[in-house]
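Owing to the predicted nature of the structure, the values given are computational and were not obtained by experimental measurement.
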Amino acid sequence: MRVDIVTLLPGIFEKVFDESVLGSAIRNGLIEIVLHNFREYGDGRHRTVDDTPFGGGPGMVLKTGPLISCLRDVRKAAAPAPVIGLTPQGVPFNQKVARQLAQFDRIILVCGRYEGFDERIVSEFDLQLSIGDYVLTGGEIAAMTIVDAVSRMIPGTVGRQESVEQDSFFAGLLDHPQYTRPATWEGKKVPTVLLEGNHAFIDDWRRKYSLLSTAVNRPDVFRVAEFTEKDRNLFQQLLKQNSETRP
Ligand code: ADE
C-alpha cells in the first residue's frame with residue numbers, strides 16, 4: 001500500500017516511520033510512505049501558504065492555490081487514490097474505517113495547520129477524517145495515527161494476523177484483560193481459569209470480560225454491538241456473579 005502525506009512538516013514523520021512495526025513494514029515493502037511539503041508550492045519569496053480569514057477573526061487559513069497545486073501533482077504521481085483531509089470536522093476515524101482504508105492500494109492524507117483549510121480546498125477531498133473530539137495543532141499526528149492503525153490491517157505487518165483479529169474493536173467489542181508471568185504479583189493473582197489450560201473455558205472467560213469491559217467503559221459501543229445467544233448467557237452469568245458477591 002502507498003500512502004502519500006501532504007504536509008508542511010514532513011520532518012516530524014521520520015522517527016515514527018523509521019522504528020517499530022511500522023518501520024519494518026516499510027523496509028519490507030508492505031507500505032510505502034511518500035511525503036510532500038506543500039510549502040514548496042507557496043506564493044512569493046516567502047512561499048506563503050496561508051492568509052487571514054475573510055470576515056475577520058483570529059488565526060490564519062490555508063490558501064487554496066499552494067495546497068491544491070501540490071495535491072493535483074500528488075494525485076497525478078501514481079494510481080488513483082481517495083484524498084482524505086484531516087480535520088476535527090471529519091467523520092470519526094475508528095477500526096472499521098481503518099479496515100476499509102486498508103483495502104486501497106493507495107491513499108492520500110492531507111494535513112492542515114492553523115485555523116484550517118479554505119472551504120474550496122475541502123471540496124477537493126473525497127473524505128474528511130477526525131481522530132477525536134479535540135483540536136490538534138495540525139493533522140500530522142492524526143495522519144500518523146491513521147497510518148499506524150491501517151498498516152496493522154495489512155497482512156504481514158503484524159507478526160500474527162490472529163492477534164489483529166483479537167484486537168479491541170475488531171469484533172465490535174473492547175479487548176479482554178491480559179496477564180503474563182508471574183502468576184502472583186504482590187498478592188494479586190491471575191484468574192485461575194487462565195492457568196488451567198482448558199481452552200473452551202478460557203474463551204468463555206475472555207468473551208465475558210470483553211463484554212463487561214465494553215459495557216462499563218464504552219456503553220456507546222456496547223449498545224450497537226451484535227450479540228450471540230452465548231454472549232447473552234455469558235452476560236447473565238456476570239450479572240448473577242455480581243449480585244451474589246454484592247454485600
Ligand atoms: N487536525 C486538528 N485536529 C484534528 C483531529 N481531531 N483529527 C484530525 N485532524 C485534526
Side-chain angles (χ1 to χ4, degrees), residues 1 20-22 24-25 30-31 84 88 90-104 107 127-134 141-142 144-247:
M1 177 184 208
S20 180
V21 173
L22 217 44
S24 37
L30 294 167
I31 305 168
I84 303 166
V91 171
F93 178 69
N94 59 26
Q95 193 71 15
K96 192 170 162 207
V97 178
R99 222 174 307 146
Q100 287 166 341
L101 293 182
Q103 308 301 314
F104 288 93
I107 57 172
L127 173 69
Q128 292 183 76
L129 285 178
S130 163
I131 61 159
D133 292 343
Y134 38 78
I141 290 172
M144 290 174 198
T145 305
I146 290 169
V147 172
D148 191 294
V150 170
S151 64
R152 302 186 76 254
M153 301 287 117
I154 297 169
T157 52
V158 175
R160 284 165 51 142
Q161 204 60 19
E162 306 101 88
S163 80
V164 169
E165 284 158 23
Q166 285 163 17
D167 278 347
S168 278
F169 300 111
F170 196 94
L173 293 179
L174 300 190
D175 206 359
H176 53 77
Q178 297 276 19
Y179 296 89
T180 186
R181 271 172 280 275
T184 305
W185 171 252
E186 295 186 343
K188 292 182 181 154
K189 290 189 166 55
V190 171
T192 325
V193 61
L194 301 180
L195 306 174
E196 288 174 343
N198 181 327
H199 286 285
F201 287 175
I202 291 173
D203 286 348
D204 281 359
W205 184 91
R206 288 183 165 163
R207 186 71 186 173
K208 210 190 270 184
Y209 284 91
S210 192
L211 289 163
L212 181 65
S213 164
T214 314
V216 171
N217 298 321
R218 293 295 303 273
D220 56 323
V221 172
F222 193 76
R223 222 172 292 126
V224 295
E226 286 174 20
F227 301 116
T228 60
E229 196 50 41
K230 175 132 193 215
D231 288 336
R232 290 179 211 287
N233 290 336
L234 291 171
F235 204 69
Q236 286 302 325
Q237 286 174 25
L238 272 170
L239 295 176
K240 195 153 164 271
Q241 249 169 270
N242 186 40
S243 63
E244 279 165 4
T245 51
R246 211 181 282 153

Taking everything shown except [X] itself, do over 12 heavy atoms lie less than 6.0 Å from its [atom1]?
| X | atom1 | value |
| --- | --- | --- |
| Leu30 | CG | yes |
| Asp133 | CG | no |
| Glu226 | CD | no |

Please round to the nearest 0.5 Å and tell me the distance separating atom [atom1] of [X] and atom [atom2] of [Y].
| X | Y | atom1 | atom2 | value |
| --- | --- | --- | --- | --- |
| Asn233 | Asp204 | CG | CG | 10.0 Å |
| His199 | Arg206 | NE2 | CZ | 8.5 Å |
| Ser24 | Ile31 | OG | CD1 | 9.0 Å |

inquiry  = Pair Phe201, Trp205 - check ring-ring contact (aromatic ring centres under 6.0 Å, His included), show working.
reply    = CA-CA 6 Å; Phe201 287 175; Trp205 184 91; over 10 Å; no

Heavy-atom distance under 4.5 Å between the side chains of [X] and [Y], does that happen here?
| X | Y | result |
| --- | --- | --- |
| Val91 | Leu127 | yes |
| Gln128 | Ile84 | no |
| Gln95 | Gln100 | no |
| Lys230 | Arg207 | no |
| Thr228 | Arg232 | no |
| Val150 | Met1 | yes |
| Thr184 | Val190 | no |
| Lys208 | Leu212 | no |

For [X] against [Y], the heavy-atom pair lying closest together:
| X | Y | value |
| --- | --- | --- |
| Thr157 | Val21 | O-CG1, 3.4 Å |
| Leu174 | Thr214 | N-OG1, 2.9 Å |
| Ser130 | Gly90 | CB-O, 3.7 Å |
| Gly172 | Ala225 | O-CB, 4.0 Å |
| Ile154 | Ala102 | CG1-CB, 4.5 Å |
| Leu195 | Ala183 | CD1-CB, 4.2 Å |

task = Please list, chain by chain and in numerical order, all residues satisfying ring pair (Phe, Tyr, Trp, His ring centres under 6.0 Å) with Phe227, sequence neighbours excluded.
result = Phe222

ask   = Pick from Asn94, Val97, Thr145: which one makes a side-chain contact (heavy atoms from CB on, under 4.5 Å) with Leu129?
value = Val97

